Each structure stands twice: as structure tokens, then as C-alpha cells.
Amino acid sequence: MKNDPTSRPVDAGGAAPAKHFIRQIIEEDLRANTHGGRVVTRFPPEPNGYLHIGHAKAVCLNFGMAREYGGECHLRMDDTNPTKEEVEYIESIREDVRWLGFDWGKHFYYASDYFDKMYECAAQLIRKGKAYVCGLTAEEWSKDYRGAPPAPGRASPSRNRPPEESLALFEEMRAGKHPDGSLCVRAKIDMASPNLHLRDPVLYRILHATHPNTGDRWCIYPTYDFAHPLEDAFEGITHSLCTLEFEVHRPLYDWVIENLDGLPSRPRQYEFARLNLNYTVMSKRRLLELVQEGRVRGWDDPRMPTICGLRRRGYTPESIRAFTEVIGLTKYESLSDVARLEHGLRDDLNKRAARRLAVLNPLRVIIENADALPASVNAVNNPEDESAGTRPVPFSSELFIERDDFMENPPPKYFRLSPGGSVRLRYAGFLTCTRVEKDAIVCKWSPPEAGLKVKGTIHWVSAKHAVPAEIRLYDRLFTVEDPLAQAAAEGKDYHEFLNPDSLVTVAGFVEAGLADVRPAERFQFERLGYFCADPDSTPGKLVFNRTVTLKDPWAKAAGKR
RNA sequence: UGCCCGAUGGUGUAAUGGUAGCACAACUGACUCUGGAUCAGUUUGUCUAGGUUCGAAUCCUAGUCGGGCAGCCA
């Protein structure tokens, strides 16, 4: 088993993945034949927002375990609360899961598919005397009955209502004869339990709301605690993986399964720590705030940690999958470093992205010996991939180079251009600066054969041929690692930590060959970083997003000075 | 407050009673037509106190710290 290559996930960089506790549980179950040798998982989002990288961890875990152990993974919309869910999110969730590289096959479900069966299950519990219809309001319940541990709670006056009477009321609830909140179905468990979830939790509540899927067919809806174990049991889920906050719900999950007859399977719930990433926020509520307040341009703003944001930014699904594997899986909360995500992305793009020349902040260069110039030079498309070949790049006597690549008074160890100095022009010989004018520098060009001894190589584009492009430079959304925690600790509003420079738009130039890029095409602009064409980009007006910079020791050292 | 869960370098993790390892980050150096990539190397860690044991990151007890629950949200 240990050396079985088929049991390894695709993106673990060749190394065997860590046998985290979920893998151990699954392998133990397989050995013991706990679920008849089956592995069935599910990803159960509530369709009330867009998926973010935290969800990607759950998606990759659930689909990944199924793939790895020859099982299946269901995609299930957990739509048990019509007051919060909307159809518009459903397709975006499906798209994001697909983009991440997973396939649910025919196993796409809605919790609402099971409303009839769930109703029957509640009726069964009532008939058995294990549930009852309670007439207390939510407020009365929490104020006077539920109690606060260590003190026990008080029994609802309806707790011993005869099953026939509860059943009749339940039927009336369903028929719409009672207003929202007037009645609910409660499990009869233990009003003295130190676990609040076992003090007669609500199983069904009245909600006169139109459901995106079932319309007005129902006005009563099951709660998460009742619905989730049932959905899992109906679908034959073997390992129901959820986040840590559901740990205390597990006894109730088990209670529901154990007290119902006729369930087709016996699922088990296991909990893992959700993903936290530094320099961003992850909750749906905060993300929604950023969108609504106009701090970002939308859910798919490339600065957002949403899947659609990362996609637009230029992230590859492979790098996201690799990230979710490499951060591991534990039962304690931690804060992962985005540097890890970025590392995986560079690693991936370095091998795949075609190299191009682009200048973000142009400085005009006039070549004084224009007579001997080639019309074009041959550039390597990808030094990591010989099969990518080469391309011609037009050359001329007027170039743009990066403003950062020239200094009149350079500090020590500056390897670039300065008056009297020389540099290599990437793929195109050498430049020696002879004088500085107001809006340009004048240089002498030497061919590659000149073999000048230089320390640096700089990128360039031909001013006559280059195409103007809008280039959007992104940086982290927040200036501190954990904006919410720090705001709470310092009594501040987390908005104070918003990075004002998270988006800087510049007017640059890209080499002529890029004039007809299609949105989402990814490139490395040499010496600058990885970029991708934005959906806003058209042949007449190019727009690129900087996905991530290249590592830049010089810039870092400069930042320290 | 009660109950539940947890704690390993700066960060994320591995070691399942037997040499504390890996990755990211940081720092050196080599190489290089990307100050990229690659390669070599360095620095840094078992929350505390007791106990069990030939031997404890691992098991036990207590404490400390952190997280979670107290919606008819999920």
C-alpha cells in the first residue's frame, strides 16, 4: 500500500503525500472493510456565495480522497434554507469545481431532492416518541428552557405531547396552517447534556419562503443538523468530512443516524481544520463586504481569494491543487503563508509559460549607430522547454527599456545601465550608454559577437513595433497577516489594514507578437513576472494582469536599504 | 462558566514508544544571455511541571495557552 503509485495524488510534486489522519482513517476502514470497501465522499456547499480557496481545500480533499482510493465524490448543494440561497451561485460553484479539475459524474444532488424522505424520517421519530412538536418561540427557548451549562435546561411544556398530537401538528405545519416560528419539531434527547446540541435540538422549522429548487411546495424545512446526516446516509456517503466547528455536532449527527430505522447506510463524520491564508480575509461575509463596499471590482477581482478571482489573476488549477496537498491536514487551526501558494504557482508557470518581452515603465533609448542594426532578433520561448521553440522579435534604433534598469548615479552592485556603462540586451547584443538627454538616453549598440564583459542583462521592446498595453499590478489585499485578528486586538476596524496599493495600473508596452492574445493566456514577461491577459483585453486595447512577480533579490535588498 | 478539540523551527507540517525529518521563508556560495530557474550549504523547533519506561514529540496526570459550541444559520 505504501509504495502503490496509484494511491498518490497527482500534484504532490512526485513525492508520496503525507499520510494525514483522514488517509489513515480511510485506509483503516478499507482494511477492516467497514463500508464494504467503498469510499464515498461529498462536497456540500450551501449555494449562498462564491467558492474561495478555503473551499478549494475541501474540494480537493473530498474529490482527492475519492480519486485516490477508487471511490466517488458527490457534489451536493446544501439548500435547506431558502431565505439564504440563490440559484445564481449554483452554476458558479459547478464551474469552479470543474475548473479545479474534478468531475462528479452523475453524482450532482440537492439536499432538497430528499425533502419527502426527510419529512418521513421526522414523522418516524415523532411516532417513536423521539421527537415532538414544540410551541415555544425561539426567544422563550433560549431564555427560559435551554439553560446554560453547567446548569441543566428545563423541559419544554410540549415535551410529553402524545405522538399522535405531534404528528397532527407536524402535518398542519406542512400544510401551512401555522406562521413562521410558531411551532417547530424538536428531537427529544437530553435537557441536562453538557453539549447544547443535545438539548432537544430543532429538526424542522416553519419558513414561508419560495425555495429556488422546490418553489412553494414546502413551507417547513429541515435544519442542517437533521438534514446533513440524512443526506449522507441516503447517498451512501462513507466519510463525511467537514470543518472543526462541527465537531460538537457529531453526537447529534450520530443520534439521528442511530435512532432512525431503514436508513440505507451508516456514514461517519470527521472534522479537519479550515484553511486560513495570511494577508487576506476568507469569510463569505467579509468577502461580500469588500465587493459591496467597492473595495474590489467584484467577486472575481484578481485580488480576491475566491476561485474565480484566482482564475482571473492567472493561477493554474494545478498550483492550487498542489497547494492544498502541501499545506497538510490537521485538527488545529493555523495560518498558511501565501508565499507557499505563490511558490507553487511560480514552479508550475516556470515550466509552462511562454516568455515574452514587455516594459512596464518605459525609458526611451536612442541607438546612435543605427546603420548596423538587425531588423529582428531570435528569442527563446521557454528555456525550460526546448520544444517551445523560438520566435523573431522586431528590433530597431529606438527602444524602450525599464526605467529601473537605468540609473545616472548607481549604487554599488548595480548591474544595469548607467552613463558610460554597458549591459546585455536580452537576445540582442549589448548597449553602452554614451549620454543622457532630457527624455531619452543615447546608446551605442554592439552585436552579440562583441562579447562585452557585462554583469547584467535587461529586457526591452522596439519602440516602433511594441504594442501599448494596460498592465494591472496586484499586491496583497491587506498590509498585515491577519487583518481581522489584529483589528480585534488593537481595537481597530480591519479596513484600516486594506493595502492602498493592492492595485496599480500602468501603461506599458509589450512585444508586437502579443497583439492578438486571447484572454486567460499566460506568459512570463522576462525579468518581471508571470502575467495573463484579462477578460477586459481586446485586440485594440490589451489588458494584462500580473499574476505573480519573479523572485527579485535586488528589489528585496533595495527595500531593506 | 460548562463541555469538546488542539499545541513540533519564522510559517506549514512529518515522525503512531527507538537517530526530531521535509517544504516554504531567510541567509551563504556556485552557475547562468532572466539579479529568474537550477545546484550546494547554513540558521532556527517538541508549551510547562510531574509521572510511566531501558528509552517519551508520542502514553498518563495537572497546569498554561489557543480554537470551537450556547441560531428555528450552515
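This is a predicted model, so every value here is computed, not measured.
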Would you indicate what [X] reaches in the nucleic acid, counting non-hydrogen atoms under 4.0 angstrom: base, sugar-phosphate, or nothing?
X        : answer
A/Lys455 : nothing
A/Thr80  : sugar-phosphate
A/Leu136 : base
A/Asn195 : nothing
A/Pro149 : base

Counter-base of B/C39, judged by Watson-Crick or G-U geometry with both distances under 3.5 Å: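 Pair assignment: B/C39 / B/G29.
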
Counterpart base for B/G21, defined by Watson-Crick or G-U wobble contacts under 3.5 Å: B/U13

Polar side chain donor-acceptor pair, A/Glu139 to A/Thr137, under 3.5 angstrom: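 No, A/Thr137 and A/Glu139 have no side-chain donor paired with an acceptor closer than 3.5 Å.
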
Measuring to OP1 and OP2 of [N], would you say a side-chain N or O of [X] lies under 4.0 angstrom away?
X        : N     : answer
A/His459 : B/U34 : no
A/Arg146 : B/G71 : yes
A/Thr330 : B/G12 : no
A/Arg205 : B/A74 : yes

Presence of donor-acceptor pair under 3.5 Å, side chain of A/Arg346 and base of B/G36: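 Side chain to base: no pair below 3.5 Å.
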
Atom-pair distance ([atom1] on [X]; [atom2] on [N]), nearest Å:
X        : N     : atom1 : atom2 : answer
A/Met173 : B/C72 : CE    : C1'   : 9 Å
A/Arg274 : B/G6  : CZ    : P     : 18 Å
A/Lys57  : B/U13 : NZ    : P     : 7 Å

For A/Tyr427, the option from A/Glu526, A/Arg391, A/Arg355 that meets side chain to side chain donor-acceptor pair (under 3.5 Å): A/Glu526

Stacking check A/Phe415 vs B/G35 (5.5 Å / 30 deg):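 Base of B/G35: stacked against A/Phe415.
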
Aromatic ring of A/Tyr224 stacked on base six-ring of B/A74, 5.5 Å, 30°: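 Not stacked by the 5.5 Å and 30° rule.
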
Centroid-centroid under 6.0 Å between A/Phe525 and A/Phe544 rings: yes

Between A/Tyr224 and A/Phe246, ring centroids under 6.0 Å: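 Between A/Phe246 and A/Tyr224, which both carry aromatic rings, the centre distance is below 6.0 Å.
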
Base orientation of B/G71, syn vs anti, 90° cut from 0: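 You should classify B/G71 as syn.
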
B/C47 and B/A7, which share atom name P, separated by this distance in whole Å: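 Straight-line distance between the two P atoms is 9 Å.
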
Lys/Arg-Asp/Glu bridge criterion (N-O < 4.0 Å) met for A/Asp29, A/Arg268: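 A/Arg268 and A/Asp29: not salt-bridged.
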
